[in-house]
Protein chains: 2
Amino acid sequence: MAPTRNSKPDKVAIICQALRRAIIEQALKPGTKLPEDALGERFGASRTIARHALGQLAAEGLVELRRNRIAVVATPSWQEARDTFDIRIELERLVVRQLAGQLDAGQIARLRAHVEAEEGARGGPDAVSIRLATEFHILLAEMTESPILIRYVSEISYRCCLILATFSRPHSSDCAISEHRALIDALEAGRVEEVMNLMHHHLEAVADRALVAPAKPRGRDIMDILAPYAEPAPVPPAGQPRVRAIMR
Amino acid sequence: MAPTRNSKPDKVAIICQALRRAIIEQALKPGTKLPEDALGERFGASRTIARHALGQLAAEGLVELRRNRIAVVATPSWQEARDTFDIRIELERLVVRQLAGQLDAGQIARLRAHVEAEEGARGGPDAVSIRLATEFHILLAEMTESPILIRYVSEISYRCCLILATFSRPHSSDCAISEHRALIDALEAGRVEEVMNLMHHHLEAVADRALVAPAKPRGRDIMDILAPYAEPAPVPPAGQPRVRAIMR
DNA sequence: CATGCGTCAACTGCATGCAATCAGAATGCC
DNA sequence: GGCATTCTGATTGCATGCAGTTGACGCATG
């Protein structure tokens with residue numbers, strides 16, 4: 001499992017997985033530079049391989065690739081974050097719709113065990129809590145055995161971690177755990193409508209906790225802060241700027 | 001937009017785009033081999049670049065990459081096809097939900113112009129009709145200006161083309177055109193619920209036209225054809241074989 | 001002190017080369 | 001003739017090398 005699983009688990013995949021974990025545990029913060037040389041050296045591979053891995057991660061939206069520039073960990077905008085959660089909600093509603101009442105005892109047990117692990121990580125660092133919470137959702141997706149759904153939910157869940165890293169403040173995961181438990185109960189009981197609503201509200205709650213204000217909580221990038229003031233239209237930047245309608 | 005945008009649109013991107021088009025126009029059928037050498041030579045690039053492009057396409061689900069084996073155009077299974085359409089329906093409902101009543105006259109005009117193009121292509125080859133129909137949906141997605149939504153809808157639309165190529169028979173696009181017109185009308189009128197339902201039924205209809213029978217219409221892969229017969233459960237392969245636990 | 005400019009190191013974009021692995025044909029055996 | 005085996009060309013996995021571009025530092029200037 002470490003370096004060589006069966007015969008060759010592909011160096012590119014190894015680097016991708018490592019970077020994904022580093023990103024969702026916030027060891028790599030948004031905006032962090034990822035030079036090909038450094039990655040290659042760190043993982044005992046050539047620049048070619050590191051480059052390929054960065055390409056994959058870029059396709060997943062986790063890193064930004066600018067031509068002739070050093071790749072960086074993606075920094076989602078607030079609007080992208082909002083859209084991402086909207087999509088995630090629909091995808092995960094699909095997951096629980098497929099799963100409600102279809103899980104066997106073993107699967108339910110696995111889910112409950114995972115929530116136990118989340119419970120056990122409450123004292124620990126935020127990074128672990130976030131990772132476990134994310135993995136809970138991916139675990140659910142995997143139970144659908146639908147490759148596409150698994151891929152999309154995994155991808156978007158990782159992106160949401162990135163969003164949390166970008167916007168969220170110290171994070172309280174208590175509510176998430178109880179919400180996960182409620183989800184499992186409803187899944188087991190097979191109440192489709194209820195579990196879809198639970199998932200919807202759960203994710204909405206996660207999003208709300210992260211995305212309270214449309215303005216960036218911290219002055220990460222001065223350009224973004226000034227963006228509204230650079231608009232040709234002389235609209236005073238007051239109140240809740242209705243994000244989509246006009247402002248892009 | 002053409003081959004060279006400003007100065008350097010990245011050779012990898014060029015190859016990706018070319019292959020995508022070839023795939024959605026069914027010039028490259030599912031299962032077609034894509035050797036790195038050949039691609040590189042054909043596009044005047046090195047194998048490294050072709051390889052990278054294949055990696056990107058694999059991340060999008062358009063090609064399958066098996067270790068030490070020649071890459072091939074992906075061949076979705078019937079169940080994957082069904083799941084893909086389910087996801088697509090939700091994504092595109094999101095698109096029209098955001099767009100209803102928000103489009104300006106110019107955008108409406110662009111949409112109608114596109115449908116005109118579809119109309120004009122009715123006599124032509126299926127490949128063009130399919131491509132145009134797909135581009136209509138991508139055009140809609142682009143009007144949301146949500147990068148994530150655009151990416152996902154584009155990706156999944158391409159995959160659906162692949163599905164059509166795999167399962168569909170001669171294809172009749174007449175209904176699709178009128179359905180597109182109805183969508184535009186509802187979008188312009190801003191009736192959110194109606195346009196979401198229209199999109200839902202439109203895509204459901206497309207899926208139904210393509211996925212009439214769960215068994216593969218043509219014996220592309222003998223293993224898949226025999227798969228139902230290899231099941232341990234002695235269920236006669238009649239009627240609608242509920243592929244998943246309860247199928248969706 | 002702030003600003004504009006030139007030089008340079010660092011980094012990316014891409015091609016090529018070499019070893020490892022695989023698919024298929026030719027061969028040998030029963 | 002049917003089947004297993006070996007051998008070889010074809011193809012991938014990966015590293016390295018070279019050219020072009022970018023960003024940053026340092027220096028000169030107002």
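Below, read A as the first sequence line, B as the second, and so on, with proteins coming before strands; counting in each chain starts at 1.
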Nearest to the side chain of [X] - [options]?
{"X": "Arg51(B)", "options": "dG13(D), dG13(C), dC11(C)", "answer": "dG13(D)"}
{"X": "Ser46(A)", "options": "dT11(D), dC11(C), dA15(D)", "answer": "dA15(D)"}
{"X": "Arg67(A)", "options": "dT12(D), dG13(C), dC11(C)", "answer": "dG13(C)"}
{"X": "Ala45(A)", "options": "dA15(D), dT12(D), dT12(C)", "answer": "dA15(D)"}
{"X": "Asn68(A)", "options": "dT22(D), dT12(D), dT16(D)", "answer": "dT22(D)"}

Should [X] and [Y] count as an ion pair when the cut-off is N to O under 4.0 Å?
{"X": "Glu135(B)", "Y": "Arg131(B)", "answer": "yes"}
{"X": "Glu60(B)", "Y": "Arg20(B)", "answer": "yes"}
{"X": "Arg159(A)", "Y": "Glu155(A)", "answer": "no"}

* To do: Mind checking the CD1-NZ spacing from Ile23(B) to Lys29(B)? Nearest 0.5 Å is all I need.
  => 12.0 Å
* On DNA chain D, nearest-nucleotide positions of Asp37(B) versus Thr48(B): which is more 5'? -> Asp37(B)
[N] [atom2] sits how many Å from [X] [atom1], rounded?
{"X": "Lys11(A)", "N": "dA20(C)", "atom1": "NZ", "atom2": "C1'", "value": "13 Å"}
{"X": "Glu41(B)", "N": "dA10(D)", "atom1": "CD", "atom2": "P", "value": "13 Å"}
{"X": "Asp10(B)", "N": "dG13(C)", "atom1": "CG", "atom2": "P", "value": "7 Å"}
{"X": "Ile70(B)", "N": "dA20(C)", "atom1": "CD1", "atom2": "C1'", "value": "16 Å"}
{"X": "Ile49(A)", "N": "dG13(C)", "atom1": "CD1", "atom2": "C1'", "value": "15 Å"}
{"X": "His52(A)", "N": "dG13(C)", "atom1": "NE2", "atom2": "C1'", "value": "15 Å"}
{"X": "Leu34(B)", "N": "dA10(D)", "atom1": "CG", "atom2": "C1'", "value": "16 Å"}
{"X": "Arg66(B)", "N": "dT21(C)", "atom1": "CZ", "atom2": "C1'", "value": "14 Å"}

Between [X] and [N], is there a side-chain N or O to OP1/OP2 distance below 4.0 Å?
{"X": "Arg47(B)", "N": "dT11(D)", "result": "no"}
{"X": "Lys33(B)", "N": "dT11(D)", "result": "no"}
{"X": "Arg69(B)", "N": "dT12(D)", "result": "no"}

* Do other residues, nucleotides or ligands put more than 12 heavy atoms under 6.0 Å from Arg151(A) CZ? -> yes
